[in-house]
Participant: 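Take this structure first; my questions come after.
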2 protein chains.
Amino acid sequence: MLSIGTLAKRTGAKVQTIRYYEQIGLMPEPGRTEGGQRRYGNAGLDRLAFIRHSRELGFSLEAIRELLDLSDSPERSCAQIDAVAQRQLQEVEARITRLKALRIELQRMLSECSADRVADCRILEVLRDHEECLSNHDGTGI
Amino acid sequence: MLSIGTLAKRTGAKVQTIRYYEQIGLMPEPGRTEGGQRRYGNAGLDRLAFIRHSRELGFSLEAIRELLDLSDSPERSCAQIDAVAQRQLQEVEARITRLKALRIELQRMLSECSADRVADCRILEVLRDHEECLSNHDGTGI
DNA sequence: CTGATTGCTACAGCCATTGTAGATTTCGTC
DNA sequence: GACGAAATCTACAATGGCTGTAGCAATCAG
């Protein structure tokens, strides 16, 4: 049987994070020693590894909860799992698009400023006045 | 004189957000009516617009605080302002790099799964087993 | 057996808001 | 001036996804 610290080491999660996952019902309550310490089996380790790997790929805890629920019905169609992953891909793509617009704006801001004094700094001017921006970067999907 | 709701409409910030900025010292305490409601001048409006626009470009409130402090000394060199913007650009670039790696992984996952049953779903397999990934997407800089 | 390490609970804090409840003030209209 | 709708006020809780802390208790190696 594995202690919580062992699970933490093997998956890269912090001990508190594992307890947090248990608290929100993402990890099941494990068995305990006589002294009250958590002891996990391989199922616990696998589940935590699944959660951590999904987090690394950017899935929200809610999405992961959905995936875990779906994986409990192996005979069902995997269309829903596909949909969750598809949604995640779309979110990632949206974020990339937005960040690229920001990058362009920041680059332009930086390239335009060759002032010495703060008073003449183009960067501050651009930040003061949205109209000077090329894209609208209107905050949708930060 | 402008009410907090007017500032909100003009800048796109929520009323509560403006009060929050005041609470953390990013917006100054404005004058009040006899009845205790906030009233702003143009300086307040400009400052809020600066904050919102900087937020839209992804600057943290701490970075914005720094920029606002720096802009109060117009005779100083604007090298520090440049550095803040440069730092922000680097962060944006790092996030783009990371998201691109995630995108590739998600795309590959999706393209590989053509199963019908959850039991055979490649997506779940990949999520279960990090080893199946090409990149390491090790969580540095989510 | 002892001391270091690890684990326990309960709670607070992080960022940047957003939402809520219940009271008060302001504004437009009559 | 009176009325009612809209806006504003304070104070506090919640969001997501953890992370850190304090003050104990249990476990493990030597």
Side-chain angles (χ1 to χ4, degrees), chain A residues 1-27 29-40 44 48 50-68 87-88 91 95 98 102 138-142, chain B residues 1-27 29-40 44 48 50-68 87-88 91 95 98 139-142:
Chain A
M1 299 300 267
L2 311 161
S3 73
I4 195 168
T6 309
L7 251 72
K9 257 173 224 151
R10 297 236 195 126
T11 61
K14 296 253 160 94
V15 167
Q16 294 104 308
T17 306
I18 302 173
R19 288 198 282 246
Y20 168 72
Y21 289 161
E22 181 183 325
Q23 199 188 312
I24 61 168
L26 209 56
M27 286 290 286
E29 287 184 31
R32 302 266 185 157
T33 62
E34 284 190 15
Q37 301 197 352
R38 291 168 179 79
R39 284 302 118 99
Y40 297 87
L48 182 57
F50 182 96
I51 296 171
R52 291 312 295 173
H53 193 204
S54 303
R55 285 294 298 138
E56 279 169 19
L57 286 167
F59 288 89
S60 70
L61 293 184
E62 261 334 284
I64 294 169
R65 198 190 295 275
E66 202 176 341
L67 290 171
L68 284 166
R87 212 168 58 206
Q88 178 60 18
E91 262 171 50
R95 266 188 264 172
R98 163 139 177 86
L102 293 193
D138 48 15
T140 50
I142 279 190
Chain B
M1 299 300 268
L2 310 162
S3 73
I4 195 169
T6 309
L7 250 74
K9 259 173 224 152
R10 297 236 196 126
T11 61
K14 294 256 160 91
V15 167
Q16 295 104 307
T17 308
I18 302 172
R19 288 197 281 249
Y20 167 72
Y21 289 161
E22 180 183 327
Q23 200 189 307
I24 61 168
L26 210 55
M27 286 289 286
E29 287 184 30
R32 301 266 184 157
T33 62
E34 286 189 13
Q37 301 196 355
R38 291 167 179 80
R39 285 302 117 99
Y40 296 88
L48 182 56
F50 182 96
I51 295 171
R52 291 311 296 174
H53 194 203
S54 303
R55 284 293 297 138
E56 279 169 18
L57 286 167
F59 288 90
S60 71
L61 292 183
E62 262 333 285
I64 295 168
R65 199 190 294 277
E66 203 176 339
L67 290 171
L68 284 166
R87 211 168 58 207
Q88 179 59 20
E91 263 172 51
R95 266 188 266 170
R98 163 137 176 90
T140 49
I142 280 188

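Chain identifiers are assigned alphabetically (A, B, ...) following the order of the sequence lines, protein sequences preceding nucleic acid strands; residue numbering begins at 1 within each chain.
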Participant: Which comes earlier along DNA chain D counting from the 5' end, the contact point of B:V15 or that of B:Q23, where each point is its nearest nucleotide?
Facilitator: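 It is B:V15 whose nearest nucleotide is closer to the 5' end.
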Participant: Among C:dA16, C:dT18, D:dC18, find the nucleotide with the atom closest to the side chain of B:L61.
Facilitator: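 Ranking C:dA16, C:dT18, D:dC18 by closest atom to the B:L61 side chain puts C:dA16 first.
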Participant: Answer yes or no: does a side-chain N or O of A:Y20 lie under 4.0 Å from OP1 or OP2 of D:dG16?
Facilitator: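 Negative; the distance criterion is not met.
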Participant: Is the phosphate of C:dT25, meaning OP1 or OP2, less than 4.0 Å from a side-chain N or O of B:T33?
Facilitator: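 Result: no.
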Participant: For B:I24 and C:dC14, what is the distance between atoms CD1 and P respectively, to the nearest whole Å?
Facilitator: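 Computing the B:I24:CD1 to C:dC14:P distance gives 12 Å.
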Participant: Nearest to the side chain of B:R39 - D:dG17, C:dT26, C:dT17?
Facilitator: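 The nucleotide sitting nearest to the side chain is C:dT26.
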Participant: When you check the phosphate oxygens OP1 and OP2 of D:dT8, does a side-chain N or O of B:R38 lie under 4.0 Å from one of them?
Facilitator: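 Checking B:R38 against D:dT8: no side-chain N or O falls below 4.0 Å of OP1 or OP2.
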Participant: Between C1' on C:dT17 and CD1 on B:I4, what's the gap in Å once rounded to a whole number?
Facilitator: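 After rounding, the gap between these two atoms is 14 Å.
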Participant: Which pair of non-hydrogen atoms, one from A:L102 and one from B:G58, has the smallest distance, and what is that distance?
Facilitator: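 Answer, listing the atom of A:L102 first, then B:G58: CD1-N, 4.3 Å.
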Participant: So which nucleotide from C:dA16, C:dT26, D:dC18 ends up closest to the side chain of B:Q37?
Facilitator: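 The answer is C:dT26, which lies nearest to the side chain.
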Participant: Map B:I51 and A:K9 onto DNA chain C by nearest heavy atom, then report which one ends up closer to the 5' terminus.
Facilitator: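 The residue whose closest nucleotide sits nearer the 5' end is A:K9.
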Participant: With a 4.0 Å cutoff (strictly under), does any side-chain N or O of B:Y21 reach OP1 or OP2 of C:dA16?
Facilitator: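 For C:dA16, OP1/OP2 do not have a side-chain N/O of B:Y21 under 4.0 Å.
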Participant: Just so I know, are the side chains of A:T17 and A:R52 near enough to count as touching, which here means a heavy-atom distance under 4.5 Å?
Facilitator: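 A side-chain contact under 4.5 Å exists here.
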Participant: I need the CD-P distance between A:E22 and D:dC18, as an integer number of Å.
Facilitator: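 So the two atoms are 15 Å apart, to the nearest Å.
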Participant: Between atom CZ of B:R65 and atom CG of B:L67, what is the distance when rounded to the nearest 0.5 Å?
Facilitator: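 Reported value, rounded in 0.5 Å steps: 12.0 Å.
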Participant: For C:dT25 and B:R32 - does any side-chain N or O of the residue sit under 4.0 Å from the phosphate oxygens OP1/OP2?
Facilitator: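 So the side-chain polar atoms of B:R32 never come under 4.0 Å of the phosphate oxygens OP1 or OP2 of C:dT25.
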Participant: If every non-hydrogen atom of B:I18 is compared with every non-hydrogen atom of B:I4, which pair is closest and at what distance?
Facilitator: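 The answer is CD1-O, 3.7 Å.
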Participant: Considering just the side-chain nitrogens and oxygens of B:S3, establish if one lies under 4.0 Å of OP1 or OP2 belonging to D:dT8.
Facilitator: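 Yes, B:S3 has a side-chain N/O under 4.0 Å of OP1/OP2 on D:dT8.
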Participant: Out of curiosity, B:L2 CG to B:R38 CZ, how far, rounded to the nearest 0.5 Å?
Facilitator: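 Here the interatomic distance stands at 14.5 Å.
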Participant: If you pin A:Q16 and A:G35 to their nearest nucleotides in DNA chain D, which one's is more 5'?
Facilitator: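 The residue closer to the strand's 5' end, by nearest nucleotide, is A:Q16.
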Participant: Run the salt-bridge test on A:E22 and A:R19 with the 4.0 Å N-O cut-off and return the result as yes or no.
Facilitator: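 No, A:E22 and A:R19 are not salt-bridged.
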Participant: Between atom NZ in B:K14 and atom C1' in D:dC9, what is the gap in whole Å?
Facilitator: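 Nearest whole value for this atom pair: 19 Å.
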Participant: Calculate the interatomic distance between A:L7 atom CG and C:dT6 atom C1'; express it in whole Å.
Facilitator: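 From A:L7 CG to C:dT6 C1': 14 Å.
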Participant: Please state how far atom CG in B:L48 lies from atom P in C:dT17, giving the value in whole angstrom units.
Facilitator: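 Value for this atom pair: 11 Å.
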Participant: C:dT17 phosphate, OP1 or OP2: any side-chain N/O from B:R52 under 4.0 angstrom?
Facilitator: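 Yes, such a contact exists.
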Participant: Can you check the A:L26 CG to D:dC18 P distance for me, whole Å?
Facilitator: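 The distance from CG of A:L26 to P of D:dC18 comes to 9 Å, rounded to the nearest Å.
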Participant: Between C1' on C:dT9 and CZ on A:R19, what's the gap in Å once rounded to a whole number?
Facilitator: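 It is 8 Å, rounded to the nearest whole Å.
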